[in-house]
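Here is the structure we will look at, set down as structure tokens.
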Amino acid sequence: MKKIITLVALVFFSVSTFAQTQWTVDPYHSSLNFNISHSGISIVNGKFYIIPEA
């Protein structure tokens with residue numbers, strides 16, 4: 001049982017070291033899309049664009 005706990009802890013710590021990536025958003029090719037259902041009859045689509053500050 002002690003070997004299993006040690007193995008699980010080792011796998012957890014090794015995976016967590018690889019997950020430390022910093023992501024950046026490309027403002028020229030990014031948008032936020034959404035859908036809203038109106039009374040179950042129609043669906044309204046919308047989009048917000050991320051515009052970079054000049």
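Residues: numbered from 1 along the sequence shown.
Listed by chain and number, the residues in a ring-ring contact (aromatic ring centres under 6.0 Å, His included) with Phe48 are Phe34 (sequence neighbours excluded). For Ile43, the side-chain contact (heavy atoms from CB on, under 4.5 Å) partners two or more places apart in sequence, or in a different chain, are Asn35, Asn45. Take His29 and apply the side chain to side chain donor-acceptor pair (under 3.5 Å) test, not counting sequence neighbours, and it matches Asp26. The side-chain contact (heavy atoms from CB on, under 4.5 Å) test applied to Lys47 returns Ser31, Asn33, Tyr49, not counting sequence neighbours.
Through direct or relayed side-chain contacts under 4.5 Å between Ile, Leu, Val, Met, Phe, Trp and Tyr, Met1 connects to Ile5.
Once rounded to the nearest 0.5 Å, the distance linking OG1 of Thr6 with NZ of Lys2 reads 7.0 Å.
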